[in-house]
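Below is one structure, written out as structure tokens, with a few remarks after it.
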Amino acid sequence: MVKMEEEKKETKVVLTRPLTIGRESDSDASYKAPNLLQRILSLFNNVRPGSDLTRFQLPPLFNLPKSQLQCYGESVYCTGSDLLSMCNNGQSPLDRFISVVAWCISTTRPVTFGVAPYNPILGETHHVSRGNLNVLLEQISHHPPVTALHATDEKENIEMLWCQRPDPKFNGTSVEAKVHGIRQLKLLNHGETYEMNCPRLLLRILPVPGADWAGTVNIRCLETGLVAELSYRSSSFLGIGGNHRVIKGKILDSSSLKVLYEVDGHWDRTVKVKDTNNGKVRVIYDAKEVMSGLETPILKDIENQLMFGVN
């Protein structure tokens, strides 16, 4: 009788640092562009403009060592300042609304041309706790890909509910990914629910490779009637020159349609609001404070993680 020894398979857990402004600049993203551009163009040889890329699979060469679930989650739990507390602690509905606008902007994170996170498998989850904030994400549909997020802040009595579905389309010289779905932020102490959507992602292939967020984000408080309209845009022509990562918009009272504040700035730098009554201008969002110097998450329960590792 031959005694067989069980072979122990080593499962590696790779933890990656969050995407931050400091490491994700246009110059860093484009210095590999010639090689990446050749490879990407070869991938799209048999894809026609208007094609749905939901089932299109990138080779591993183009993947970041993280799941799309982690990227979504990082926009909530990876932050250098406590914007959620500011949302809850505002003295008036308008103060809280402005803080929610700043928090919404903070969920916009940099992307790099030519690489993408792994697509989550059906039922895959991602769970992170940071202080009083608990964030859970799950891939609830594979085709089409739908991600659900539920998060709570026990101290501030805040709840978040997201359900979103990316819809990428090939346009010949670019890929446009619309993100369908609504995000809800609930300030339970004040009985206020804020609803917002997400900008669309533009991956420009020609003439200059690059990635940017664009489109209109609408934020609405159902109880107070306050509304914000934020326009994400780049003033460059076909990716050449110009002013990137611009946000312009307004905050208004939907009952009277009176504009209360004008919004202006850059989501990767600072965003300011101007009071239309007295002309005073103040900074409501500073990307350097929120997104610079973020640390790699720490995995405390490694044995439990290994139990569910995929070989």
Side-chain angles (χ1 to χ4, degrees), residues 72-73 75-77 79 81-108 130-137 140 146-165 178-200 215-232 247-265 267 271-278 280-286 290:
Y72 287 148
S75 67
V76 174
Y77 61 75
T79 175
S81 56
D82 194 356
L83 295 178
L84 282 175
S85 293
M86 295 175 63
C87 294
N88 184 52
N89 296 332
Q91 295 300 309
S92 69
L94 185 54
D95 290 337
R96 292 190 293 273
F97 189 86
I98 292 174
S99 295
V100 170
V101 170
W103 176 81
C104 179
I105 295 171
S106 78
T107 64
T108 307
R130 181 185 179 187
N132 299 296
L133 180 64
N134 293 290
V135 183
L136 174 65
L137 298 102
I140 59 175
V146 180
T147 301
L149 177 149
H150 181 255
T152 57
D153 187 315
E154 298 175 358
K155 179 182 177 182
E156 301 295 341
N157 204 17
I158 293 174
E159 182 179 23
M160 277 175 259
L161 295 169
W162 294 6
C163 193
Q164 54 192 50
R165 174 176 64 88
K178 295 181 180 178
V179 184
H180 301 285
I182 295 295
R183 300 176 173 186
Q184 284 189 341
L185 176 66
K186 299 184 177 183
L187 304 182
L188 301 177
N189 289 342
H190 303 283
E192 295 171 353
T193 298
Y194 300 83
E195 291 187 346
M196 62 207 77
N197 62 308
C198 181
R200 67 182 187 274
T216 300
V217 172
N218 295 300
I219 307 170
R220 177 183 298 273
C221 179
L222 304 180
E223 292 74 21
T224 65
L226 293 170
V227 174
E229 298 174 1
L230 305 178
S231 176
Y232 283 70
I247 285 185
K248 289 187 178 293
K250 56 189 176 182
I251 297 173
L252 61 150
D253 183 342
S254 61
S255 61
S256 64
L257 298 181
K258 179 183 178 183
V259 176
L260 307 175
Y261 286 90
E262 296 174 351
V263 184
D264 186 32
W267 63 261
V271 178
K272 301 176 182 179
V273 293
K274 178 181 178 181
D275 191 325
T276 57
N277 285 327
N278 55 32
K280 289 185 178 179
V281 177
R282 61 187 173 100
V283 174
I284 63 166
Y285 177 70
D286 187 334
V290 173

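Here, residue 1 is the first one in the sequence, and each next residue gets the next number.
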- Message: Nearest 0.5 angstrom please: C104 SG to Y194 OH, how far?
- Response: 12.5 Å
- Message: Using only atom types and a distance under 3.5 Å, with no angle test, would you say the side chain of T276 pairs donor to acceptor with the backbone of L260?
- Response: yes
- Can you list the steps and then say if K186 with L161 is a side chain to side chain contact (heavy atoms under 4.5 Å, CB included)? CA-CA 8 Å; K186 299 184 177 183; L161 295 169; 4.0 Å; yes
- Message: Less than 4.5 Å apart, side chain to side chain, heavy atoms only: is that true for E156 and N89?
- Response: yes
- Query: So do I140 and C163 actually touch side chain to side chain, heavy atoms under 4.5 Å?
  - Reply: yes
- side chain to side chain donor-acceptor pair (under 3.5 Å) filter on R220, not counting sequence neighbours, yields none
- Please round to the nearest 0.5 Å and tell me the distance separating atom CG of D275 and atom CZ of R282. 8.5 Å
- Task: For the residue pair K258 and N277, establish whether any side-chain heavy-atom pair is separated by less than 4.5 Å.
- Result: yes
- Of all the heavy-atom pairs spanning L133 and A151, show the shortest one and how long it is. CD1-CB, 4.5 Å
- From I284 atom CD1 to W103 atom CH2, the distance as rounded to the nearest 0.5 Å: 14.0 Å
- When rounded to the nearest 0.5 Å, the distance separating CG of N132 from CG of L84 is 11.0 Å
- Task: Check T224 against P93 and note the closest heavy-atom contact, atom names and distance.
- Result: CG2-CB, 3.8 Å
- Message: Would you say that W162 contacts L137 through its side chain, given a criterion of any heavy-atom pair below 4.5 Å between the two side chains?
- Response: no
- Query: Where the side chain of R130 meets the backbone of V135, is there a donor-acceptor pair that is under 3.5 Å apart?
  - Reply: no
- Considering all heavy atoms of both residues, which atom of C87 and which atom of L185 are nearest to each other, and what is their separation? SG-CD2, 4.4 Å
- Looking only at atom types and distance, does a side-chain atom of S254 sit under 3.5 Å from a main-chain N or O of G225, one as donor and one as acceptor? yes
- Backbone N or O of S81 within a donor-acceptor pair of the T79 side chain at under 3.5 Å? yes
- Minimum side-chain heavy-atom gap N88-N157 below 4.5 Å: no
- Message: Any side-chain to backbone donor/acceptor pair from N197 onto T216? Under 3.5 Å, distance only.
- Response: yes
- Separation between OG1 (T107) and CZ (R183), nearest 0.5 Å, reads 4.5 Å
- Item | Pairs meeting criterion salt bridge (charged side-chain N to carboxylate O under 4.0 Å, His left out) with involvement of residues 248-257, two or more places apart | E229-K250, K248-D264
- Message: To the closest 0.5 Å, what do you measure between NE2 (H150) and CG (L136)?
- Response: 8.5 Å
- Task: Write down the atom of S75, the atom of Y72, and the distance for their closest heavy-atom approach.
- Result: OG-O, 2.6 Å
- Query: Are the side chains of V100 and E192 in touch, meaning some heavy atoms are under 4.5 Å apart?
  - Reply: no
- Query: What pairs with E195 under side chain to side chain donor-acceptor pair (under 3.5 Å), at least two apart in sequence or on another chain?
  - Reply: Q184
- Message: Looking at H180, is its backbone amide N or carbonyl O close enough to the side chain of R165 to form a donor-acceptor pair, meaning the two atoms are under 3.5 Å apart?
- Response: no
- Message: Between I105 and Y232, is there a side-chain heavy-atom distance shorter than 4.5 Å?
- Response: yes
- Close side-chain approach of L187 and I158, heavy atoms under 4.5 Å: yes
- Message: For the CE atom on M86, are there more than 12 heavy atoms of other groups (residues, nucleotides or ligands in this structure) within a distance under 6.0 Å?
- Response: no
